[in-house]
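No hydrogens, no waters, no symmetry mates; every other heavy atom, side chains included, goes into these values.
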Amino acid sequence: ASLPSIEEIRDDINESDDYVISYLRNPLSREFYGQVGDLFNIYHTGVGVRRADGTVGQISSNFSLEFDADDFLGATLPDVVVDSSTGEKDLRWNNHASVVIEPFDLEGYWEHSQDVVTVNGTLVLMFLDWLPKYNATHDTYTLFGVVSHWGKKFNKKNIEVRSTDCMDFVWRVFEFFHSVGVEFDLHMKLRHDFVNLYSSPPKLVDYSNKEDREAIINFFEAIPRGLPRSPLELVRDIINVLTARKFVYNRHQYYEIFPLRPFFAVHYDVEPLP
């Protein structure tokens, strides 16, 4: 069952108590592909908060948080809709996302938990105040990030457009605690999934501009939604995608991207703690 509201959880936090912040992980690809999915190194992650003394409060001050899309697959591709009166096409995204709070349950969904840092109750209360602000500014789920180069290890300078997925939320939580004075063990190695599209610097485009709007719709409409009905249709789909101007949608904005080789890659790499 879901936990009570943030306000009720706040009432159960003791400012003088210590709380352990942990990194939670579960193989996301297993949900789609079973045990074989573990080989893909694609994970769903969250943040755990629990009392350091092992006790449970009157409501529950042991909880986990995760950034979830309402529709994971719908957040990747939009629907192309047609206005019946004008015949004009438009894109409808189903990519809403938000932070979800659940009871801390390592014996259930989460398969891996790594303690990251211990903080006092005052900082937990500040964190709970920060969560609605994050929800307000990160209300969409974006799986793909745009990068210009990767190299042998993670380098933040190479990220052109950052994804907004469950992994990114976890690191934004770490950055919040760092911003209020928490010091992390910089020798701790935590891994982050990066689903990357490679591009030279992308260009922000205006969806209200007629020419750009048509190009954006044409690109997303060209991406196949299912299996092709024939080899000819497969060839047509490939040509349409390859010859179209290419775009990504991130936090209510469209960016035109200019593909590099390789155009797509998944990295499971260490991202340093702040």
Side-chain angles (χ1 to χ4, degrees), residues 21-33 37-48 64-78 91 93-102 109-114 116 127 130-148 150 153-156 158-178 189-199 202 220 223 247-255 257 263-274:
I21 309 300
S22 55
Y23 169 73
L24 306 176
R25 191 183 71 197
N26 184 65
L28 176 64
S29 48
R30 182 183 297 173
E31 297 183 13
F32 299 100
Y33 305 109
D38 293 0
L39 301 175
F40 298 151
N41 283 331
I42 299 178
Y43 296 95
H44 183 52
T45 56
V47 174
S64 64
L65 308 101
E66 55 192 290
F67 187 68
D68 279 355
D70 294 349
D71 180 355
F72 178 74
L73 296 179
T76 306
L77 283 177
L91 298 180
W93 288 89
N94 186 21
N95 61 346
H96 180 264
S98 60
V99 178
V100 177
I101 304 177
E102 297 284 352
Y109 180 77
W110 300 109
E111 292 194 359
H112 172 83
S113 175
Q114 182 172 348
V116 177
F127 170 59
W130 170 82
L131 281 175
K133 300 174 185 176
Y134 185 89
N135 261 338
T137 55
H138 297 74
D139 60 345
T140 58
Y141 190 98
T142 306
L143 178 63
F144 299 104
V146 181
V147 299
S148 58
W150 195 255
K153 62 180 181 179
F154 171 82
N155 187 338
K156 188 180 293 186
N158 296 331
I159 297 179
E160 301 286 349
V161 180
R162 184 116 200 189
S163 55
T164 54
D165 61 10
C166 60
M167 285 270 188
D168 295 294
F169 166 69
V170 170
W171 260 261
R172 300 298 81 75
V173 170
F174 296 155
E175 289 173 0
F176 165 79
F177 280 114
H178 179 69
K189 306 294 185 183
L190 297 181
R191 290 185 176 272
H192 186 305
D193 276 331
F194 297 91
V195 183
N196 292 337
L197 301 177
Y198 287 88
S199 169
F220 285 105
I223 299 174
F247 302 89
V248 294
Y249 186 60
N250 186 289
R251 295 176 66 183
H252 306 290
Q253 293 182 312
Y254 288 96
Y255 296 83
I257 57 176
F263 177 51
F264 170 80
V266 177
H267 297 275
Y268 186 50
D269 208 347
V270 172
E271 179 171 359
L273 290 168

side-chain hydrogen bond (donor to acceptor under 3.5 Å, both in side chains) with N135: which residues, sequence neighbours excluded?
none
Beyond-backbone contact of [X] with [Y], side-chain heavy atoms, under 4.5 angstrom:
X	Y	value
E111	R25	no
D168	H192	yes
F72	H44	no
L273	V116	yes
H267	W150	yes
H252	D139	yes
F144	N250	no

Between [X] and [Y], what is the shortest heavy-atom contact and its length?
X	Y	answer
E271	F194	OE1-CZ, 3.6 Å
W110	E66	CZ2-OE2, 3.7 Å
T140	A97	C-CB, 3.9 Å

Taking atom NE2 as the centre, does H178 end up with more than 12 heavy-atom neighbours from other residues, nucleotides or ligands that are less than 6.0 angstrom away?
no
Would you check, one step at a time, whether the test side-chain contact (heavy atoms from CB on, under 4.5 Å) holds for R162 with T142?
CA-CA 9 Å; R162 184 116 200 189; T142 306; over 6 Å; no
Using 0.5 Å steps for rounding, measure from the [atom1] atom of [X] to the [atom2] atom of [Y].
X	Y	atom1	atom2	result
L197	S163	CG	OG	10.0 Å
L65	Y134	CG	OH	11.5 Å
F169	Y141	CZ	OH	12.5 Å
K189	D269	NZ	CG	10.5 Å
N26	C166	CG	SG	10.0 Å
N196	S148	CG	OG	10.0 Å

Parallel, tilted or perpendicular: which one describes the rings of [X] and [Y], with boundaries at 30° and 60°?
X	Y	answer
Y249	W93	parallel
Y23	H112	perpendicular
F174	W171	perpendicular

Check the pair E102 / S64 against side-chain contact (heavy atoms from CB on, under 4.5 Å), numbers first and verdict last.
CA-CA 5 Å; E102 297 284 352; S64 64; 4.0 Å; yes
Could you go step by step and tell me if F67 and V170 meet the side-chain contact (heavy atoms from CB on, under 4.5 Å) rule?
CA-CA 8 Å; F67 187 68; V170 170; over 6 Å; no
Report yes or no: does T76 contribute a side-chain atom to a donor-acceptor pair with the main-chain N or O of L143 at less than 3.5 Å?
no
Strictly under 6.0 Å, is that where the ring centroids of Y198 and F263 end up?
no
Passes side-chain contact (heavy atoms from CB on, under 4.5 Å), F127 versus I21? Steps please.
CA-CA 11 Å; F127 170 59; I21 309 300; 5.8 Å; no
Taking only residues two or more places apart in sequence or in another chain, which ones pass side chain to side chain contact (heavy atoms under 4.5 Å, CB included) with L77?
F220, I223, R225
